[in-house]
Amino acid sequence: MKVVILAGGFGTRISEESKFRPKPMIEIGGRPILWHIMKYYSGFGFNEFIICCGYKGEMIKEYFMNYQSYNSDFTIGLKKSKVKIHKMPSEDWQVTLVDTGLHTMTGGRIKQIESYIDGEEFMVTYGDGLCDVDVCKLLEFHRKYGRMATITTVKPEGRFGVLNIQDNVITDFREKSVNDMGWINGGFMVLDKKIFRYIKDDQTVFEKEPLEQAAAAGELMAFKHDSFWRCMDTQRDKIILENLWESKNAPWKNWND
C-alpha cells in the first residue's frame with residue numbers, strides 16, 4: 001500500500017528554519033522529520049512512499065538521489081573517483097517524488113498523484129507531524145467500517161492558561177490540558193480511491209470541500225488516538241521533538257538502529 005506524504009507547503013510559521021529548506025527537511029536528531037515519518041511507517045511494514053513536493057522540492061529530491069552518501073560512511077579515491085561504501089542504509093524503500101507545484105493546495109497535491117495509486121486504498125499524512133498511532137490498527141479500523149476516508153483524530157496539547165472569570169475577577173487559573181481541547185485532524189489517514197472524485201483542481205483544499213463532503217455523506221470515520229502526537233508547527237515544537245529524541249524517549253521510534 002502506498003503512503004502519500006504532503007511535503008510541499010511553505011512552512012511559514014517556522015520561517016526561521018523554512019526559509020532555508022522545506023519544512024519536511026528540518027532536522028530532528030540530525031535527520032529530516034520526513035525521514036522520521038517514513039521510518040515510522042516502515043516499522044509497520046509500509047515501504048512504498050509518494051512524496052508530494054512543492055516549495056524547495058529540489059532539496060527533497062536531492063536528498064533521496066544522494067541518500068547513500070548522506071547516510072553512510074565511505075572512502076573516495078579522488079583520482080579515479082572510486083567510492084567504497086562502508087555502511088549501507090538499511091531502508092528497503094521505494095520512493096516516488098512528484099513535483100506538485102509551488103502554490104498547489106493539499107487537495108490538488110493529492111489529486112496529482114492519482115496515477116501513482118495502484119490499489120483501492122492508500123494512506124496520506126503530513127510531512128511535519130509525528131505520533132505513535134498503531135498504523136496497522138488504523139488500517140484494520142478503516143476496513144472494518146468500509147467508509148471512503150478515515151482520519152486519525154487527536155487532542156493537541158494546550159498552550160495557554162484557562163481562566164474562570166466572574167464579575168471581572170479571575171476565580172480560577174490553571175494550565176490548559178488536552179482534556180480542554182476538542183478532537184482535531186492529526187493526519188495519518190486511510191483513503192479509498194473514490195476520494196479523488198471530490199477533488200476539483202489544484203486549488204482544492206483537501207481539509208475543506210473533500211472532507212466536508214465526505215462527512216456530510218457519512219463517509220468519513222474518526223480513529224481516535226489519545227496518546228502521543230505533535231505537529232512541528234513552530235520552533236518550540238522542534239525543540240520539544242529534539243529533546244525527546246536526544247533523551248532517547250521519542251514515542252514515535254518503533255525501529256532498531
Side-chain angles (χ1 to χ4, degrees), residues 1-7 34 36-52 91-96 106-157 178-179 181-200 204-231 250-256:
M1 180 181 292
K2 301 290 176 59
V3 178
V4 178
I5 303 177
L6 299 173
L34 177 61
H36 288 264
I37 295 167
M38 295 169 72
K39 285 287 285 186
Y40 186 72
Y41 273 103
S42 186
F44 289 97
F46 299 97
N47 295 308
E48 295 184 64
F49 300 95
I50 302 171
I51 301 177
C52 299
E91 285 77 41
D92 183 22
W93 295 346
Q94 177 177 300
V95 186
T96 301
T106 48
R109 295 191 194 282
I110 293 171
K111 181 69 173 179
Q112 286 195 34
I113 56 85
E114 181 175 4
S115 62
Y116 295 100
I117 303 298
D118 49 16
E120 291 302 312
E121 304 165 319
F122 62 105
M123 297 189 180
V124 173
T125 197
Y126 302 102
D128 60 358
L130 292 166
C131 78
D132 61 355
V133 65
D134 188 321
V135 177
C136 291
K137 288 185 178 179
L138 166 65
L139 179 58
E140 181 182 341
F141 177 91
H142 175 77
R143 289 174 172 172
K144 175 182 177 181
Y145 288 95
R147 297 319 198 321
M148 184 167 54
T150 300
I151 64 175
T152 298
T153 58
V154 298
K155 286 189 174 183
E157 177 188 84
V178 293
N179 294 323
M181 305 294 289
W183 295 96
I184 66 167
N185 173 14
F188 296 87
M189 298 174 258
V190 185
L191 306 176
D192 186 277
K193 285 187 72 172
K194 293 193 291 288
I195 197 72
F196 289 117
R197 305 174 193 168
Y198 290 71
I199 304 174
K200 183 179 179 182
T204 301
V205 177
F206 186 65
E207 298 77 11
K208 292 184 70 65
E209 290 88 352
L211 290 186
E212 288 173 357
Q213 292 174 19
E219 290 288 335
L220 182 61
M221 296 297 296
F223 185 76
K224 292 182 177 180
H225 177 66
D226 57 6
S227 187
F228 174 80
W229 175 87
R230 183 169 289 275
C231 175
W252 68 90
K253 188 177 185 299
N254 63 345
W255 63 90
N256 295 319

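Side-chain atoms are counted along with the backbone in the values below, which use heavy atoms only and exclude waters and symmetry mates. All residue numbers refer to positions in the sequence shown, counting from 1. Just so you know, these numbers come straight off a predicted model, no measurement behind them.
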For this session: Find out whether Val154 and Cys131 are in side-chain contact, i.e. whether some heavy atom of one side chain is under 4.5 Å from a heavy atom of the other.
Result: no
Exercise. Is there side-chain contact between Val3 and Ile37, with heavy atoms separated by less than 4.5 Å?
Worked result: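 Heavy-atom side-chain distance check fails, nothing below 4.5 Å.
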For this session: Output all residues satisfying side-chain hydrogen bond (donor to acceptor under 3.5 Å, both in side chains) with Lys208, sequence neighbours left out; order by chain, then residue number.
Result: none
For this session: May I ask you to say whether Lys155 pairs ionically with Asp226, meaning some side-chain N is under 4.0 Å from a carboxylate O?
Result: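 No, this pair does not count.
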Seminar exercise, completed: Those residues at least two apart in sequence (or on a different chain) that pass salt bridge (charged side-chain N to carboxylate O under 4.0 Å, His left out) with Lys39 are Glu91
For this session: Sequence neighbours left out, what passes salt bridge (charged side-chain N to carboxylate O under 4.0 Å, His left out) with Asp92? Give chain and number order.
Result: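 So Asp92 forms no salt bridge (charged side-chain N to carboxylate O under 4.0 Å, His left out) with any residue.
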Problem set entry | With His142 via side chain to side chain contact (heavy atoms under 4.5 Å, CB included) - residues at least two apart |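 Partners of His142 by the side chain to side chain contact (heavy atoms under 4.5 Å, CB included) criterion, ordered by chain and then number, come out as Glu121, Thr150, Val190.
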Problem set entry | Residues which pass side chain to side chain contact (heavy atoms under 4.5 Å, CB included) with Glu114, listed by chain and number, not counting sequence neighbours |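 Counting only residues at least two positions away or on another chain, Glu114 forms a side chain to side chain contact (heavy atoms under 4.5 Å, CB included) with Lys111, Phe196.
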Problem set entry | Phe46-Phe122 aromatic ring centre distance below 6.0 Å | no
For this session: May I have the step-by-step check of side chain to side chain contact (heavy atoms under 4.5 Å, CB included) for Lys2 and Thr96, ending in yes or no?
Result: CA-CA 10 Å; Lys2 301 290 176 59; Thr96 301; 6.0 Å; no
Report the distance from atom [atom1] of [X] to atom [atom2] of [Y], rounding to the nearest 0.5 Å.
{"X": "Arg143", "Y": "Leu138", "atom1": "CZ", "atom2": "CG", "value": "10.5 Å"}
{"X": "Glu48", "Y": "Tyr116", "atom1": "CD", "atom2": "OH", "value": "14.0 Å"}
{"X": "Tyr126", "Y": "Thr106", "atom1": "OH", "atom2": "OG1", "value": "6.0 Å"}
{"X": "Met38", "Y": "Leu34", "atom1": "CE", "atom2": "CG", "value": "5.5 Å"}
{"X": "Lys253", "Y": "His36", "atom1": "NZ", "atom2": "NE2", "value": "10.0 Å"}
{"X": "Met189", "Y": "Ile151", "atom1": "CE", "atom2": "CD1", "value": "7.0 Å"}

Determine all donor-acceptor pairs shorter than 3.5 Å in which one atom belongs to a side chain in residues 209-225; sequence neighbours excluded.
| residue | atom | partner | partner atom | Å |
| --- | --- | --- | --- | --- |
| Glu219 | OE1 | Met148 | N | 2.9 |
| His225 | NE2 | Asp132 | OD1 | 2.8 |
| His225 | NE2 | Phe228 | O | 3.0 |

State, to 0.1 Å, how close [X] and [Y] come at their nearest heavy-atom pair, and which atoms those are.
{"X": "Ile199", "Y": "Gly108", "result": "CG2-N, 4.2 Å"}
{"X": "Gly186", "Y": "Trp229", "result": "O-NE1, 3.0 Å"}
{"X": "Gly43", "Y": "Asn254", "result": "CA-ND2, 3.7 Å"}

For this session: Go through the steps to decide whether Thr125 and Tyr40 satisfy the test side chain to side chain contact (heavy atoms under 4.5 Å, CB included), and finish with yes or no.
Result: CA-CA 12 Å; Thr125 197; Tyr40 186 72; over 6 Å; no
Exercise. Between the main-chain N or O of Gly107 and the side-chain N or O of Thr204, is there a donor-acceptor pair closer than 3.5 Å?
Worked result: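 A pair under 3.5 Å: no.
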For this session: Would you please test Val133 and Phe44 for side chain to side chain contact (heavy atoms under 4.5 Å, CB included) and show each step?
Result: CA-CA 11 Å; Val133 65; Phe44 289 97; over 6 Å; no
Exercise. Are Arg109 and Ile113 close enough, and set up right, to give a side chain to side chain contact (heavy atoms under 4.5 Å, CB included), and what steps lead you there?
Worked result: CA-CA 7 Å; Arg109 295 191 194 282; Ile113 56 85; over 6 Å; no
Exercise. With under 30° as parallel and over 60° as perpendicular, where do the rings of Phe141 and Tyr145 fit, or are they tilted in between?
Worked result: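 It falls in the tilted class, 30° to 60°.
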